[in-house]
Number of protein chains: 2
Amino acid sequence: MTDAEGTAARPQTLPGTLTFQLVTLGAIATDRFTEALAPLGLKPKHAGLMTVVSRGLAASQLEAAAAMGVVPSLVVSLADHLVKLGAIERVRDPRDRRRQVLTLTRQGRRLLEQCAAAARSVDDELAAALPAEQRAAFARSLSDLAGRAGLPTA
Amino acid sequence: MTDAEGTAARPQTLPGTLTFQLVTLGAIATDRFTEALAPLGLKPKHAGLMTVVSRGLAASQLEAAAAMGVVPSLVVSLADHLVKLGAIERVRDPRDRRRQVLTLTRQGRRLLEQCAAAARSVDDELAAALPAEQRAAFARSLSDLAGRAGLPTA
DNA sequence: TATTGTTATACTCTATAACTATA
DNA sequence: TATAGTTATAGAGTATAACAATA
C-alpha cells in the first residue's frame with residue numbers, strides 16, 4: 001500500500017466514499033425492490049431465501065440462516081410464509097428428523113422468476129443514467145465485491 | 001430501447017441484477033459502517049444529517065428531512081443527539097421564529113471528518129478485491145447513480 | 001448432552017398522529 | 001388557518017432467549 005493510494009493523508013470527503021454511496025444507494029435500491037415485490041406478497045428476504053434454496057446453498061433451515069447472515073428463527077417465519085404461498089416445501093430429513101429440508105416448488109420457481117423480473121425493472125430505473133458499457137462494468141465490480149464480502153444473500 | 005438490451009426476453013437471474021447486488025452489498029456496507037461509527041457515538045443517519053448541514057443543503061430541520069428522505073420527527077431526535085455531542089448548534093431563525101437553523105460546530109466538523117475516516121477504512125476492507133483502476137471506475141458509476149436517484153443522504 | 005427447529009419476547013429503527021408555537 | 005417543530009405512540013423488522021424434539 002503506497003502513500004499515493006493508501007491510508008495516509010487523503011482528504012476524501014464522506015459523500016465521496018464507496019461506503020457512504022453503497023449505504024445510500026443500497027437503501028434506495030432496497031426501497032424500490034420492496035415496492036416492486038409487494039404485489040407478489042413478498043419481501044426482499046423472501047426472495048433471498050428462495051434464491052439460497054434454489055441454488056442449493058442450503059437444504060436445511062440452519063444452513064439457510066448461515067448463508068443469508070440472519071438468525072435461524074427468522075428463517076422459520078420466512079419459510080412459513082413461503083410455504084403458505086406454495087413456493088417451497090418443507091420435509092423432515094428421514095436420516096435426521098431434526099432437519100427440515102427446503103425445496104422450491106414449481107410455483108416457487110415461477111415466483112422467483114417474477115422476483116427477478118421485478119429486480120430487472122428496478123435495474124432499468126436505477127441504471128437508466130449509465131451507458132450500457134459503463135453499466136456492465138459496474139455490474140462486474142458489484143459482483144466482485146459481493147462475491148468477496150461474505151455475501152449474505154438479502 | 002432496443003430488443004438487444006431492452007426489456008424483452010432476457011433470462012437474467014435474480015442474483016445477477018444490479019438491484020439484488022446493491023441491496024445485499026448495501027446491507028453489508030451499512031453494517032460495517034455502523035460498527036465503525038459506534039466508537040464515535042454515532043449512527044449512519046447522524047453522519048447523514050451532519051453531511052446535509054455541512055453542505056448547506058438544509059438550514060432548517062424540515063429541509064434536512066426532505067434532503068435525507070426521512071420524516072421531520074426523526075430529524076428532531078438525530079439533531080437532539082448531535083446537539084448533546086456538541087456537533088451542531090440549533091438557533092431560532094429571528095426572521096421566522098418557527099424555524100430551527102442548524103449549523104455545524106468546530107467539534108461537528110471534527111466529528112464529520114472522523115466519520116469520513118471510518119468510511120474510508122470500510123472502503124479499504126470492501127474494495128480490497130478491486131484493482132485501483134477498477135475501483136475508481138466503480139466509484140464514478142456509484143456517484144452517477146447516486147446523483148440521479150434522488151439521493152436521500154443516509 | 002448437543003443440535004435443529006420453534007415460540008415467546010424484546011429491541012431498534014422509523015413512521016404516523018396529536019400537539020405547541022409561531023406565522 | 002397554515003407551517004415548523006416537538007412529543008407520544010405505533011408498526012415493521014429482526015434479534016435474543018427459552019423451549020421441544022431428535023440425535
Side-chain angles (χ1 to χ4, degrees), chain A residues 23-24 26-31 33-35 37-38 41-49 52-53 58-84 88-103 152-154, chain B residues 23-24 26-31 33-35 37-38 41-49 52-53 58-84 88-103 152-154:
Chain A
V23 167
T24 56
I28 293 171
T30 301
D31 283 354
F33 188 43
T34 301
E35 284 171 24
L37 288 181
L42 297 172
K43 299 284 171 64
K45 289 252 191 302
H46 295 121
L49 178 54
V52 158
V53 170
S60 77
Q61 295 185 183
L62 214 62
E63 287 162 15
M68 295 176 66
V70 301
V71 101
S73 64
L74 180 56
V75 175
V76 174
S77 58
L78 294 172
D80 281 349
H81 185 68
L82 291 175
V83 167
K84 218 178 314 175
I88 63 173
E89 271 180 351
R90 226 186 205 151
V91 297
R92 290 278 168 196
D93 181 342
R95 241 94 83 182
D96 180 345
R97 293 188 37 74
R98 290 172 305 183
R99 292 164 55 90
Q100 299 269 39
V101 176
L102 305 180
T103 54
T153 305
Chain B
V23 167
T24 57
I28 294 172
T30 301
D31 283 354
F33 188 43
T34 301
E35 284 171 24
L37 289 181
L42 297 173
K43 299 286 171 62
K45 289 251 191 305
H46 295 121
L49 177 54
V52 159
V53 170
S60 76
Q61 295 185 184
L62 213 63
E63 286 162 15
M68 295 176 67
V70 301
V71 100
S73 64
L74 180 57
V75 175
V76 174
S77 59
L78 295 171
D80 281 350
H81 186 68
L82 291 175
V83 168
K84 217 177 314 173
I88 64 171
E89 272 179 351
R90 225 187 207 150
V91 297
R92 289 276 168 197
D93 182 342
R95 239 95 82 184
D96 179 346
R97 293 187 37 74
R98 290 172 304 183
R99 292 163 55 90
Q100 298 270 38
V101 176
L102 305 180
T103 54
T153 305

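Throughout, a chain's letter reflects where its sequence line sits, starting with A, and its residues are numbered from 1. Worth knowing before you read on, the calculation uses all heavy atoms, side chains too, and leaves out hydrogens, waters and symmetry mates.
Here A:L37 contributes atom CG and A:K43 contributes atom NZ; the two are 10.0 Å apart, rounded to the nearest 0.5 Å.
Within the 4.5 Å cutoff, the side chain of A:Q100 has heavy atoms near those of the A:R92 side chain.
In this view, B:R98 and B:D96 satisfy the salt bridge (Lys or Arg N to Asp or Glu O under 4.0 Å) rule, not counting sequence neighbours. Residues meeting the side chain to side chain contact (heavy atoms under 4.5 Å, CB included) test with B:E89, sequence neighbours left out: B:T103, B:T105.
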Detail all sub-3.5 Å separations between protein N/O atoms and N/O atoms belonging to nucleotides 2-7 of chain D.
unit_1 : atom_1 : unit_2 : atom_2 : d
D:dT3  : O4'    : B:R98  : NH1    : 3.2
D:dT3  : O2     : B:R98  : NH1    : 3.1
D:dG5  : OP1    : B:Q61  : N      : 3.2
D:dG5  : OP1    : B:Q100 : N      : 2.8
D:dG5  : OP1    : B:Q100 : O      : 3.3
D:dG5  : OP2    : B:Q61  : N      : 3.4
D:dG5  : OP2    : B:L62  : N      : 2.6
D:dT6  : OP1    : B:Q100 : NE2    : 2.7
D:dT6  : OP2    : B:Q61  : OE1    : 3.1
D:dT6  : OP2    : B:Q61  : NE2    : 2.5
D:dT6  : OP2    : B:R90  : NH2    : 3.4

Please produce a list of atom pairs where a protein N or O lies less than 3.5 Å from an N or O of nucleotides 11-13 of chain C.
unit_1 : atom_1 : unit_2 : atom_2 : d
C:dC13 : OP1    : B:K43  : NZ     : 3.0
C:dC13 : OP2    : B:K43  : NZ     : 3.1

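Among all heavy-atom pairs drawn from A:L102 and A:L49, the shortest one is CD1-CD1, 4.4 Å. The heavy-atom pair separating A:L82 from A:L42 by the smallest distance is CD2-CD2, 3.8 Å.
Checking side-chain atoms of A:H46 against main-chain N and O of A:G41 turns up no donor-acceptor pair under 3.5 Å.
The nearest whole Å value for the distance from the CG atom in A:L78 to the C1' atom in D:dA15 is 13 Å. Taking atom CG of A:L49 as the reference point, atom P of D:dG13 lies 16 Å away to the nearest angstrom. With rounding to whole Å, A:L102 atom CG is found 12 Å from C:dT4 atom C1'. Rounded to whole Å, the distance from CD on A:E35 to P on D:dA12 is 16 Å.
When distances run from any side-chain atom of B:R97 to the nucleotides C:dA15, D:dT16, C:dT22, the shortest one goes to C:dT22.
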Listed pairs under 3.5 Å, donor-acceptor, residues 61-80 of chain B side chains, sequence neighbours left out:
unit_1 : atom_1 : unit_2 : atom_2 : d
B:Q61  : OE1    : B:R90  : NE     : 2.9
B:Q61  : OE1    : B:R90  : NH2    : 3.4
B:E63  : OE1    : B:A59  : N      : 3.0
B:S77  : OG     : B:L74  : O      : 3.0
B:D80  : OD1    : B:R90  : NH1    : 2.9
B:D80  : OD1    : B:R90  : NH2    : 2.9

